[in-house]
Amino acid sequence: MKKLYSIFLAFGLLATTASLSAGGKKGTDTADKRKADYVYMEALRQEALGNRDAYYTLMRRAEDLDPDETVTGNNVGFYDVIMFSSSDSVMLNEGVAKMKRHFDVHPEDYYASLNYGSVMAKLGVNSEAVRVWTVLDSIFPDKPDVALNLGEVLAQSGDSANVVQALEIFNRLEKTMGRSLLLTGNKVRIHLAVNDTTGAMSEVGELIKAHPGDISALLMAGDLNMALQRPDSALVYYDLACETDSTSGPAFYKRASYYQAVGDTARYDQEILTSLNKSNLDLDVKMELLRIYLSDSYADSLKQPAIEQLFSTMIDRHPHEVDLHKLYASYLVARNDFARAAEQQSYALDIDPSDENAWRGLISLYISAGNVGKQIETGRNALRYFPESPELHWFTSMSLLQDKQNGEALQMVNKALALARSATPRDEKLLSQIECSAGDIYYQDNQTDSAFVHYEASLQHDPDNMLALNNCAYYLACQDRDLDRAEEMSSRTIASDPDNATALDTYAWILFKKRDYKTAKEFIDKTLELESEPSVDLYHHAGDIYFMSGDPVKALEFWKKALELEPDNELLKRKVKHRTYFYE
């Protein structure tokens, strides 16, 4: 729906204003028609003000008052086609019918007819599109856009007579407009469709003669030769394009792609790297080439040294280019090198600190790199530039909690909540996430009642917040509170993501607390299978569950693994030493 809307939005205002003059409102003395005229004009005024919802509502009202007026019906129909093209076939068909009715009555209404023809083409109703553009071409023979659209739909029809007519139309346009890439491209496609390769090559040759310095024509010739499996001839044209314009990124990339297509990966790499090291190529062109090359090569470990050298060289030449540092950071993230990615992201922010999303991204990179100190430092720096950002206060609060700075974490998360609650409009999902984090912080600060208040608030803002459901359920189990509700909440998280190890561990622990040891063991086993790096808590839970399931030997193994990860845990020490379960 949105895609279609974006395609036709440019015609929207023209459709309504032009229709009024072309279609003509029928002047009568009836009360409803006078009301319809007034409402229609008010609809146009609202559209001019940018109030499209009001425009649509008023236009529909005008249509209800005067259903025989095709101008109003066309405007309503056009809007319905835009809004319901992918969601409501009934509304779509009704909209098309209204546009067709107006076209049949007033084909001379240029912009309305133009929209209708475009709609038919986009919806794939080729026969109707041909009819519309044919009628328009007869009424407006001097409108090149109409002729071009007619030629394109004729060429796409698959009918041999239509294809011949399309070629005649494109030839007609060339006589008045001259040879162009667009017209030649259309003619080449027609020649190829009827297996006339000689005709296709002739068209491109004439284009090159008409525009000898246009590298786009040379690249078209190269692409055509590649399509016809004439790689040697294609390379001649790609070389000529590079010689004609030594600053053209597309030309050098086409030549590089040629080597990739023929399987010469070494030459492909050489072409790309040579192009990127050219001093006469604009940075924007180099950046686009680099993005394309990285998408092809980032996973190839053999190419990493060359890529690293390339970034080093480019940054030496352009040390203050924010996008270059960000691209390097993205590449390093793809290589799981989060520490160096954070370094590049921080350089970008030193140059331009005005991007809040970039600050959040930097915090996330330090989280991935396991650098809590840098997380906190970055959060505090970011808040100097964005002191009213609830997200940055929230991110920083969680970093402080991770560093066991509970007091400051509470202050920060409460500030995040205050900012999120006062935002206009309020983001309910964001509020839910922050409330959940507040619950986590309060729980870690041993303020359990306050923690559960925030978990409840989180679920009020977003009942499907799986993290809030899981954490609330887990801590209810830890507190031996409302285990039935905890089980219900946890079961929802498992239904949402059956292979989530954290959710499965929570569910197993709740079942353990409810003394359903057999089922708890089934779920803890599945959790252990899924979790590649079990935590202290997971091993600890597994030990307790196995002990209560009658397997003290296996329980001891799990407790020992947990103790290895947390040697100062007194409860685990007692369990391992005495080879038995202790409640506390």
Side-chain angles (χ1 to χ4, degrees), residues 333 336 338 364-370 372 375 398-399 401-402 429 432-433 436-437 439-441 443-444 451 455 458-459 462-549 551 553-567 569 571-572 575-576 581:
V333 168
N336 294 320
F338 300 111
S364 297
L365 288 173
Y366 282 128
I367 291 172
S368 298
V372 179
Q375 292 170 223
M398 297 310 295
S399 298
L401 177 65
Q402 191 177 352
K429 288 190 179 296
S432 177
Q433 292 170 324
C436 178
S437 294
D440 295 342
I441 295 172
Y443 192 88
Q444 294 301 320
Y455 287 134
S458 174
L459 294 170
D462 180 9
D464 295 322
N465 185 330
M466 293 298 132
L467 182 61
L469 285 168
N470 177 81
N471 291 5
C472 186
Y474 178 70
Y475 291 133
L476 283 172
C478 291
Q479 295 290 314
D480 287 313
R481 293 168 60 169
D482 204 348
L483 295 177
D484 288 339
R485 182 160 185 259
E487 183 178 357
E488 184 273 330
M489 295 168 78
S490 183
S491 65
R492 285 182 58 194
T493 66
I494 293 174
S496 174
D497 189 355
D499 294 326
N500 186 301
T502 299
L504 290 168
D505 177 43
T506 295
Y507 193 63
W509 192 239
I510 294 168
L511 293 173
F512 172 81
K513 289 287 188 167
K514 296 184 74 172
R515 294 182 170 80
D516 184 356
Y517 303 125
K518 179 181 178 182
T519 311
K521 182 175 178 297
E522 293 173 3
F523 277 92
I524 206 69
D525 285 344
K526 185 175 181 181
T527 308
L528 290 165
E529 290 175 7
L530 291 170
E531 184 56 75
S532 58
E533 297 183 6
S535 64
V536 174
D537 287 339
L538 179 52
Y539 278 136
H540 199 159
H541 292 163
D544 291 355
I545 291 170
Y546 264 80
F547 186 88
M548 290 301 186
S549 299
D551 191 345
V553 175
K554 191 68 175 176
L556 183 60
E557 291 179 14
F558 287 125
W559 287 333
K560 286 181 176 179
K561 289 180 179 179
L563 190 59
E564 289 175 3
L565 296 174
E566 193 174 306
N569 189 307
L571 183 57
L572 279 170
K575 290 178 180 179
V576 170
Y581 177 81

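Position 1 is the first residue of the sequence; numbering continues from there.
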Enquirer: Tell me the closest heavy-atom pair linking Ala520 and Ile545, and the distance in Å.
Expert: C-CG2, 3.9 Å

Enquirer: side-chain contact (heavy atoms from CB on, under 4.5 Å) with Leu556: which residues, sequence neighbours excluded?
Expert: Trp559, Lys560, Val576, Arg579

Enquirer: Mind checking what makes salt bridge (Lys or Arg N to Asp or Glu O under 4.0 Å) contact with Asp464, not counting sequence neighbours?
Expert: Arg492

Enquirer: Distance check, rounded to the nearest 0.5 Å: Asp516 atom CG versus Glu522 atom CD?
Expert: 8.5 Å

Enquirer: For residues 527-540, which residue pairs pass the side-chain hydrogen bond (donor to acceptor under 3.5 Å, both in side chains) check, not counting sequence neighbours?
Expert: His540-Lys575

Enquirer: Say you draw a straight line from SG of Cys472 to CG of Asp482; how long is it, rounded to the nearest 0.5 Å?
Expert: 9.0 Å

Enquirer: Quick one, Lys521 and Asp551 - any side-chain contact, counting heavy atoms below 4.5 Å?
Expert: no

Enquirer: Going by the side-chain contact (heavy atoms from CB on, under 4.5 Å) test, name the single residue among Leu538, Thr519, Asp544 that passes it with Ile524.
Expert: Leu538

Enquirer: Name all residues meeting the ring pair (Phe, Tyr, Trp, His ring centres under 6.0 Å) criterion together with Tyr546; count only those two or more places apart in sequence or in a different chain, and write none if there are none.
Expert: Phe558

Enquirer: At what distance, to the nearest 0.5 angstrom, does CG of Asp497 lie from CG of Asp499?
Expert: 6.5 Å

Enquirer: How close do Ser437 and Met398 get, counting heavy atoms only, and between which atoms?
Expert: CB-SD, 3.3 Å

Enquirer: Who are the side-chain hydrogen bond (donor to acceptor under 3.5 Å, both in side chains) partners of Ser432, not counting sequence neighbours?
Expert: Ser458, Asn465

Enquirer: Is there a side-chain contact between Ile367 and Leu365 in this structure, where contact means two heavy atoms from C-beta onward sitting under 4.5 Å apart?
Expert: no

Enquirer: Holding to side-chain contact (heavy atoms from CB on, under 4.5 Å), I want the full list of residues that pass it with Glu566, two or more places apart in sequence or in another chain.
Expert: Val536, Asn569

Enquirer: Enter the distance from Leu504:CG to Asp525:CG here, rounded to the nearest 0.5 Å.
Expert: 11.5 Å

Enquirer: Please identify each residue that fulfils side-chain contact (heavy atoms from CB on, under 4.5 Å) with Lys514, with sequence neighbours left out.
Expert: Leu483, Asp484, Glu487, Ile510

Enquirer: Test of understanding: with ring pair (Phe, Tyr, Trp, His ring centres under 6.0 Å), list the residues that count as partners of Phe338, not counting sequence neighbours.
Expert: none

Enquirer: Can you confirm whether Gln444 sits close enough to Leu401 that some side-chain heavy atom of one is under 4.5 Å from a side-chain heavy atom of the other?
Expert: yes

Enquirer: If you take all heavy atoms of Ser399 and Gln375, which pair is closest and at what distance?
Expert: OG-NE2, 3.0 Å

Enquirer: Does the side chain of Thr493 come under 3.5 Å of the side chain of Asn470 through a donor N or O and an acceptor N or O?
Expert: no

Enquirer: Considering residues at least two apart in sequence or located in another chain, which fulfil the side-chain contact (heavy atoms from CB on, under 4.5 Å) criterion with Gln479?
Expert: Tyr443, Thr448, Phe452, Arg481

Enquirer: Give every residue pair that meets the ring pair (Phe, Tyr, Trp, His ring centres under 6.0 Å) criterion with at least one member in residues 517-536, sequence neighbours excluded.
Expert: Tyr507-Phe523, Phe512-Tyr517

Enquirer: Sequence neighbours left out, what passes salt bridge (Lys or Arg N to Asp or Glu O under 4.0 Å) with Lys561? Give chain and number order.
Expert: none

Enquirer: Indicate the atoms forming the closest heavy-atom contact of Ala473 with Ala486, along with that distance.
Expert: CB-O, 3.4 Å

Enquirer: What heavy-atom pair brings Pro498 and Lys526 nearest, and what distance separates the two atoms?
Expert: O-NZ, 3.6 Å

Enquirer: For Asp462, check salt bridge (Lys or Arg N to Asp or Glu O under 4.0 Å) against everything at least two apart and list the hits.
Expert: Lys429

Enquirer: Identify the two heavy atoms, one from Tyr455 and one from Cys436, that lie closest to each other, and give their separation to 0.1 Å.
Expert: CE2-O, 3.5 Å

Enquirer: Got a second to check how far Ser549's OG is from Phe547's CZ, nearest 0.5 Å?
Expert: 10.5 Å

Enquirer: Should Met466 and Asn500 count as side-chain neighbours, where that means a heavy-atom distance under 4.5 Å?
Expert: no

